[in-house]
Structures are given as C-alpha cells and as structure tokens.
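Input: a single structure, listed below in structure tokens.
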Amino acid sequence: MSDEPQSWAPRDSSGAGGSPGNDRPTAPGEQPGKQGKPGKPGKPGKKARPRRTGWRRAIPTWRMTLGTLLGLVVLLGAGVFAAYRLVDIPAANASATAQSNVYLYSDGSVIARDGDVNREKVKLSQVPPTVQHAVLAAEDRDFYTDDRAVDVKAMLRAGWNTVTGKGKQGGSTITQQYVKNYYLGQERTVLRKAKEAIIAVKLNRQQTKDQIFEGYLNTSYFGRNAYGIQAAAQAYYGKNVEELTTAEGAYLASLLNAPSAYDVVAHPGNKPAAQRRWNYVLGGMVKERWLTAAERTATRFPTPGEAKPSNGLSGQRGYIVQAVENYLNHRGILDAKTLATGGYRITTTLDKAKQDAFVEAVDDNVTAKTSADRAADRNVRVGGASIVPKTGKVVALYGGIDYTKQYVSNATRRDYQVGSVFKPFVLTSAVVNDSTTQDGRRITPNTVYDGTNKRTVVGVQGSTDYAPANEDDVDYGDITVRIATDKSVNSVYAQMAQDVGPAKVRETAIALGIPADTPDLTAAPSIALGTANASVLDMAEAYATLADHGRHGRYVLVEKVTKDGAEIELPERTTEQAVSREAADTTTAVLRSVVEGGTGTAAQTVGRPAVGKTGTAEEDRAAWFAGYTPDLASVVAVMGQNPDTGAQTPLYGALGLPRVNGGGVPAETWAAYTEAALRSSPVQEFDLQTAPGSDEGDELLVDENADGGTDPSSSSAPDTSPDATPGTTPDGSAPPTTGTNTGGTDEGSVSAPDGNGDGNGNGNGDGDGDG
C-alpha cells in the first residue's frame with residue numbers, strides 16, 4: 001500500500017452529476033444538471049408537462065380518444081369478421097317454402113287449393129318484364145346496378161328511428177327482404193337485422209340477381225292471404241301472372257309496401273293513398289326509362305276484383321281434389337307423400353260449364369225435392385260422372401252434397417250394387433262370344449227367352465237352383481232379349497248369363513272398363529243382375545267404351561302437372577278394341593229402345609239421340625241410370641245412406657215417391673245434365689254396325705210345337721198385340737226401325753203382361769230386378 005495521501009472527488013449533494021455512468025465532464029458553456037433526460041445523452045432536455053388537476057382530469061386527451069376509437073374499430077371489424085365466418089346461410093324456413101297444390105279446370109280456372117299457405121311458385125321468365133320493372137320501381141330501383149347487398153345508410157337510419165321511438169322502419173334492399181322472407185322471420189329486432197345483413201352479403205356472392213329477385217317475388221306477401229306474385233295475380237285479378245298488364249303489375253307492386261293499406265276493395269277509403277302509391281311506382285318506371293311517358297299517360301288505375309272467400313274444399317271441390325289425388329297415385333304419377341310437399345299445379349280434364357251443369361241438374365231434380373219433414377230424405381245421396389267417349393276425358397264429377405258435410409265421394413265409392421245397369425255387358429258378351437242358348441240358338445236381341453218370374457236358371461247339368469225374381473214379381477212369359485232389356489227382366493238375363501258363361505261375362509265387363517278387383521264381381525248367373533259394387537266412375541268408363549264402338553282406354557282425369565314451371569311427364573293414353581264393334585253397336589241399338597219405349601223414357605227430354613239403361617240395387621238401396629249420346633257418356637246414381645251410422649238404407653218414401661227407381665229421378669237428372677252439357681254442340685246420330693240378326697225385323701223362327709215357353713230351347717214369341725202408344729223420338733216422330741216387325745216385338749208398343757204397363761207409369765217403374 002502506498003503511503004501517499006488519496007485524492008477523492010467530493011459528492012454533489014444535489015445529485016446532478018453523480019449517477020453511475022454519467023460521469024462525463026461538463027461541456028464548455030453547459031450548466032450542470034442540464035445535460036438532457038437520463039438515458040438519452042447528448043440531447044437537450046424538455047421541461048416536464050405539468051400535471052392535470054381539477055376538472056381537466058375528467059376529459060380524455062386526444063391521444064386517448066383516438067386510441068379508443070381505433071380500438072373500437074378493430075373490435076367491430078373483428079366482430080363483423082367473426083360473425084361473417086360464424087353465421088351461415090340457414091335452411092329456408094318452412095313457411096317460405098310451403099306451397100299449396102292448385103287444381104284447375106281444363107280452361108285454367110281454379111277449382112281448389114289445398115294446404116295452409118296460398119303460394120304458387122313461378123319462374124322469373126313467367127313474370128312480364130313490365131311487372132318486374134314495377135316491383136323494382138317500388139322497392140329497389142338500383143337492384144341490378146348496385147353490387148351492394150346491404151344499404152348500410154338506410155339500415156342505420158331505420159335502426160336509429162326504431163331505437164329513438166320514431167316507429168319501426170325498413171330500409172332494406174330486395175336482397176335483404178328476400179333473406180327476411182325466405183330464411184329468417186318477420187320480427188324487427190337488432191339481432192335479426194344484423195343476421196339479415198350478413199346473410200344478404202353471403203347470398204349476394206352465391207346467387208345471381210335473377211335468382212334472388214325470383215325468390216323475392218315468390219315469397220313476398222301481397223295481402224288477401226296471397227304469398228307470391230302468382231297467388232296475388234289470382235287473388236286480385238283472377239288471372240295468371242303471365243297475363244298481368246303494366247297497370248295491374250304496378251298496383252300489385254304498390255301492395256308490397258302495405259297490403260292492407262292499399263286494398264281499395266276491402267277498404268274503399270284507401271283508394272286515394274293507393275293511387276298515390278301506384279302513381280309513384282309508374283313515375284319510377286318512367287324515371288328509370290322502363291316506361292315511356294306516352295305509355296304512362298295512357299295507363300289507367302286497374303281496380304281489382306272483389307276479394308273471394310277461401311277457395312277451400314267445400315261443395316264439389318273436395319271430392320274433385322280427392323279423385324285427382326287418387327288418380328295421380330294409382331296411375332303412378334305422384335304418390336301421396338310427394339304430392340303433400342305442395343307446389344303442384346294440376347290441370348284436370350274437367351269442363352267448368354259441364355261441372356256446373358251437373359251440379360245444377362242434381363239440385364233441380366234431387367236436392368230441391370227433399371224435405372226436412374220426410375225422414376227418408378236425409379238419407380239421399382247422389383253420385384255422378386261424365387266422360388267423352390272419344391278421348392276418355394272426365395268432364396264432370398258429382399261426389400255429393402258437400403265435401404265438408406260428407407267426406408266419402410259418391411262418384412268413386414265402391415260399396416253399392418250397380419243393379420241392372422250391368423245387364424248390357426251380358427248382351428255384349430253374348431255377341432262377342434257367339435254364344436248360344438241351351439238348345440243351340442245364337443243369342444241376338446231377337447232371341448226369345450222365358451221371362452217367367454222366379455224361373456230357375458238352367459245349366460248344362462240341369463237346374464242351378466238359382467231362381468231370381470222379376471221386379472214386382474211380374475211374369476213376362478216368352479219375350480225377346482230386346483224387350484227383356486226394355487223391361488229389365490231378371491229371369492231372362494240370369495239365364496242368358498248362364499248361357500254365355502258367367503266367367504265370360506266377367507271378362508267382358510273387365511274389358512269394357514270395370515276394374516277386375518271390383519267387389520262382388522263374381523262369375524255366377526247373378527252377375528247379370530248387378531251384384532257387383534262398381535263405382536259410378538267405373539260404370540261411366542265402361543259405357544263410354546260401348547259408345548266408342550268397343551274401343552277402350554282408361555279414363556283420363558288430369559291433362560297437365562307442373563311444379564316450379566317444370567312439367568311432370570304423364571302416361572300416354574292408349575286404346576284397344578276391347579270388344580268387337582258389332583258387339584258394342586248391337587248393345588247400343590238395344591239400349592236405344594230402352595229410352596225410346598222402355599224403362600228409360602224419361603231420358604228422352606235430352607232432345608237428341610240417346611241410349612241408356614236403368615238399374616235398381618237390392619232392397620232399393622240405390623237407383624241408377626247409365627246412358628250416352630255419341631259424344632258423351634254419363635252415369636247418375638241415387639243412393640240411400642244413414643248419415644249417422646253410414647249404413648245403406650232403402651229409398652222407400654224418399655223425395656216424396658213410393659220408390660226411387662232408375663227410370664225416375666236418376667234418368668231425369670241424367671237428361672237434364674246431358675241436355676245442358678251438349679246444348680251448344682251439334683246433334684250427332686249413332687253410326688252403328690250391328691251383328692247379323694240383330695235388327696228388329698230379323699225375328700228368329702220359333703218352334704211351332706212350343707209347350708208354353710218354360711223351356712228356353714222351345715219357347716215361342718208371346719202374342720203381344722200393341723196396346724200402348726208407340727215410343728216416339730224427341731221431335732214427336734215415330735222412332736226409326738230397320739225392318740218390318742212381324743212378331744209383335746216392337747218394344748215401343750208392347751205392354752207388360754198382367755196389366756203392369758210398360759214400366760213408365762209416373763216415371764218411376766223401371767221394371768228392374770233387385771239384384
């Protein structure tokens with residue numbers, strides 16, 4: 001250690017220059033302690049900012065404000081980005097996709113709609129350009145030119161007005177409105193508006209403007225329970241959207257803003273406001289050059305039609321819808337589950353004028369004759385069907401008094417016996433099969449049979465123990481097939497069915513159009529008396545086959561089916577010669593005499609050539625008339641059914657009559673309908689080619705040794721001198737004949753034995769058996 005004294009620098013008590021690492025010498029002219037801030041050597045220092053005191057401490061600095069705003073922007077952007085990523089385009093809500101099925105007459109007018117939502121989607125191409133422009137002018141004129149899906153400014157304004165209590169307001173583009181209608185709901189909340197905006201932006205990237213606009217037109221509400229432009233066109237103007245005029249389109253576009261406020265029919269006082277809105281729409285079209293000023297000047301306000309009540313399933317509508325649904329299902333076109341998805345536009349073959357004529361005929365001839373004072377009248381039911389023979393088109397259906405009161409359709413039900421309207425099929429089968437009697441005589445309309453009441457049917461093995469009674473137990477004795485048809489003689493037709501062969505009769509009936517699965521279509525002699533339970537529509541198809549000279553094709557009830565503008569393929573109708581023309585025409589010739597002088601004379605009031613057959617079911621539970629002109633085949637049935645239990649009941653005493661027979665009310669209803677349905681059509685004559693030996697003058701020789709006519713192999717023609725007024729045609733002239741009647745078999749002048757008349761007394765006695 002050195003003995004020399006140490007030299008120590010004194011401390012600066014002020015601390016100005018004594019911090020470690022800051023022991024540099026003071027520069028010339030520099031005052032101590034003024035070297036600058038610590039850690040920043042060489043820079044001149046600044047005076048410290050005085051602290052804020054008092055009220056100034058509560059006010060944020062501009063740096064704080066800017067930082068906060070930037071932070072909020074970042075947070076908002078992150079939130080929007082997260083929401084955009086997290087919010088997906090949802091599935092459409094059920095109410096937006098729900099559509100009703102629309103059922104139409106052949107002329108395009110509406111029969112009925114099913115489903116809870118009155119909507120029918122259409123393609124954008126189906127909407128006239130002027131109608132499209134009217135909607136754009138009313139709702140979003142920049143829709144096609146502006147790429148933005150969301151109008152932020154309008155949204156903020158609407159949101160602010162809503163929050164501040166100035167009323168709930170819109171401010172949405174067409175895209176946003178479509179999103180609200182199709183994906184979301186109608187509630188007006190901030191959350192829904194936010195979701196609406198995000199989905200609209202996404203949707204705008206995924207769909208074209210046309211797709212969005214089409215969806216908007218199909219989901220918007222126009223009032224009158226009409227969702228979509230097509231339903232609106234029908235609700236206000238009774239036409240399809242394709243037929244809308246510019247003026248009508250502008251009115252419908254006006255409704256989008258406030259449907260209830262602009263319906264000038266429901267609320268006549270709203271007309272001034274509606275006209276102002278309508279003018280606004282048209283003015284917008286002119287401004288956008290979608291309409292010329294001259295066209296605008298020529299446009300007049302199109303007052304819509306009266307609001308119609310819901311076109312539900314009351315009256316005949318429900319029966320028609322039910323029949324169409326069964327038709328589509330059974331023909332393999334649309335099953336029930338698929339049809340239930342809705343949106344199908346189904347054009348039927350039904351003719352509105354003919355449908356109305358059928359309803360009127362039933363109302364006048366049946367319903368008007370019922371009385372609340374007669375217990376039997378509450379059991380009366382009516383079914384009807386009408387088919388054009390050449391095309392197989394069903395042009396009218398009558399299912400009952402009202403679908404909402406009676407669910408089961410009397411036109412298509414298969415639980416009533418058809419009675420003697422089945423008998424013509426036996427004659428047709430006899431001619432088709434060249435059948436002969438038990439003694440080998442060929443069966444023709446002039447073949448003589450024994451018409452004794454309760455005569456036992458004889459087969460090749462002898463007695464069959466089947467002995468049907470004639471109507472009112474009348475004995476007719478020896479009688480020709482023609483007269484037996486006029487009088488509807490059961491004993492003759494039961495024996496003839498046995499002669500032809502019950503199985504062959506059944507085959508012929510099926511070939512004509514009776515379904516093979518028809519209940520009680522049994523191959524037995526009783527088949528001739530109509531024990532089968534075919535429907536009115538089934539019988540109409542079979543009679544239409546006879547009218548079309550034996551050519552059969554299944555009936556057609558639907559002409560066209562579309563969904564969302566696309567057409568559904570329908571099976572093509574094919575026809576075949578089910579029975580020979582001679583067989584069908586021979587039957588027609590015989591049925592002509594039923595109308596001219598037999599049990600069906602009430603049908604003469606149709607006023608044109610017509611043929612037909614009466615029928616009565618067992619215990620008079622149903623009465624039928626089936627007939628046709630060359631251009632229309634129709635069937636009417638009056639049925640008895642207890643409305644409480646559903647049990648079939650006799651018609652005794654109904655409509656103020658002792659009995660209801662096929663030749664009475666059913667024939668009268670048939671004639672009234674057919675006359676009205678064909679009133680504007682030219683009269684057509686039957687063009688018949690009958691089998692040899694079928695004409696009235698072609699009488700068969702009978703055995704001179706006949707012993708009284710109980711044996712069909714030796715029966716002779718009865719001695720029936722005329723004692724009744726010959727049948728006449730509607731114009732009063734004598735009916736045409738094809739030969740000289742030498743055997744007393746002119747059915748227009750023959751009276752029934754035992755003084756029972758010709759079956760025409762009071763228009764009710766049809767002589768039919770009870771099956």
Side-chain angles (χ1 to χ4, degrees), residues 91-127 181-182 211 214-215 217-222 224-235 238-243 308 310-352 355 393-395 397 399 403 409 411-412 554-573:
N93 62 61
S95 61
T97 57
Q99 298 183 72
S100 58
N101 292 317
V102 184
Y103 299 82
L104 309 168
Y105 286 110
S106 57
D107 64 359
S109 57
V110 177
I111 300 173
R113 301 176 187 272
D114 64 4
D116 297 327
V117 178
N118 179 19
R119 177 187 287 113
E120 182 184 351
K121 291 183 180 179
V122 293
K123 296 290 186 182
L124 184 60
S125 58
Q126 294 175 252
V127 183
N181 294 337
Y182 193 72
Q211 289 175 318
E214 178 181 298
L217 290 174
N218 282 316
T219 56
S220 296
Y221 182 61
F222 290 82
R224 293 193 180 182
N225 195 36
Y227 291 85
I229 190 73
Q230 167 64 15
Q234 286 287 346
K239 59 176 64 175
N240 292 324
V241 65
E242 296 94 334
E243 303 166 346
K308 297 180 180 179
S310 177
N311 206 7
L313 300 182
S314 62
Q316 298 303 305
R317 299 184 187 97
Y319 300 122
I320 293 172
V321 169
Q322 185 184 73
V324 171
E325 288 178 348
N326 291 336
Y327 177 90
L328 294 173
N329 188 24
H330 294 157
R331 298 293 174 92
I333 301 169
L334 292 172
D335 60 32
K337 184 177 181 180
T338 303
L339 190 61
T341 62
Y344 290 95
R345 184 180 181 83
I346 303 164
T347 303
T348 70
T349 58
L350 297 174
D351 183 296
K352 189 177 188 307
Q355 179 68 30
K393 292 181 178 180
V394 180
V395 292
L397 276 178
Y403 182 77
S409 172
T412 57
R554 301 174 75 185
Y555 73 80
V556 180
L557 186 55
V558 174
E559 286 187 320
K560 185 178 181 180
V561 179
T562 61
K563 182 170 184 176
D564 297 338
E567 189 166 345
I568 309 298
E569 184 177 359
L570 300 179
E572 183 178 356
R573 181 179 187 259

Quick one: does any side-chain atom of [X] pair with a main-chain N or O of [Y] as donor and acceptor, under 3.5 Å?
X: Thr338; Y: Leu334; value: no
X: Asn101; Y: Asp114; value: no
X: Gln230; Y: Arg119; value: no
X: Arg224; Y: Ala235; value: yes
X: Gln234; Y: Ala231; value: no

Inset, instruction - Salt-bridge test for Lys121 and Glu214: reply yes if a basic N is under 4.0 Å from a carboxylate O, no otherwise. - result: no

Which heavy atom of [X] sits nearest to which heavy atom of [Y], and what is that distance?
X: Lys352; Y: Ser109; value: CD-OG, 3.7 Å
X: Ala411; Y: Leu397; value: CB-CD2, 3.9 Å
X: Ala112; Y: Arg317; value: CB-CB, 3.9 Å
X: Tyr344; Y: Leu339; value: CD1-CD1, 3.9 Å

Legend entry - Pairs satisfying salt bridge (charged side-chain N to carboxylate O under 4.0 Å, His left out), at least one member in residues 560-569, at least two apart: none

State the [atom1]-[atom2] distance between [X] and [Y], to the nearest 0.5 angstrom.
X: Leu104; Y: Thr349; atom1: CG; atom2: OG1; answer: 12.0 Å
X: His330; Y: Arg554; atom1: NE2; atom2: CZ; answer: 10.0 Å
X: Ile111; Y: Leu313; atom1: CD1; atom2: CG; answer: 11.5 Å
X: Tyr327; Y: Leu557; atom1: OH; atom2: CG; answer: 6.5 Å
X: Ile229; Y: Thr219; atom1: CD1; atom2: OG1; answer: 11.5 Å
X: Leu350; Y: Gln316; atom1: CG; atom2: CD; answer: 10.5 Å

Legend entry - Aromatic Tyr555 / basic Arg331 pairing, under 6.0 angstrom, 45° off normal: yes

Legend entry - Sequence-distant partners of Asn329, side chain to side chain contact (heavy atoms under 4.5 Å, CB included), two or more places apart: Asp335

Legend entry - Distance-only polar pair, side chains of Asn218 and Tyr227, donor-acceptor under 3.5 Å: no

Inset, instruction - With side chain to side chain contact (heavy atoms under 4.5 Å, CB included) as the test, would you mind laying out the steps for Ile346 and Val558 before giving the verdict? - result: CA-CA 7 Å; Ile346 303 164; Val558 174; 3.9 Å; yes

Legend entry - Heavy-atom check, side chain of Tyr105 versus side chain of Gln355, under 4.5 Å: yes

Legend entry - Matching residue for Arg345 among Val561, Asn240, Ile568 - test: side-chain contact (heavy atoms from CB on, under 4.5 Å): Asn240

Legend entry - Test ring pair (Phe, Tyr, Trp, His ring centres under 6.0 Å) applied to Tyr319 - qualifying residues, sequence neighbours left out: Tyr403

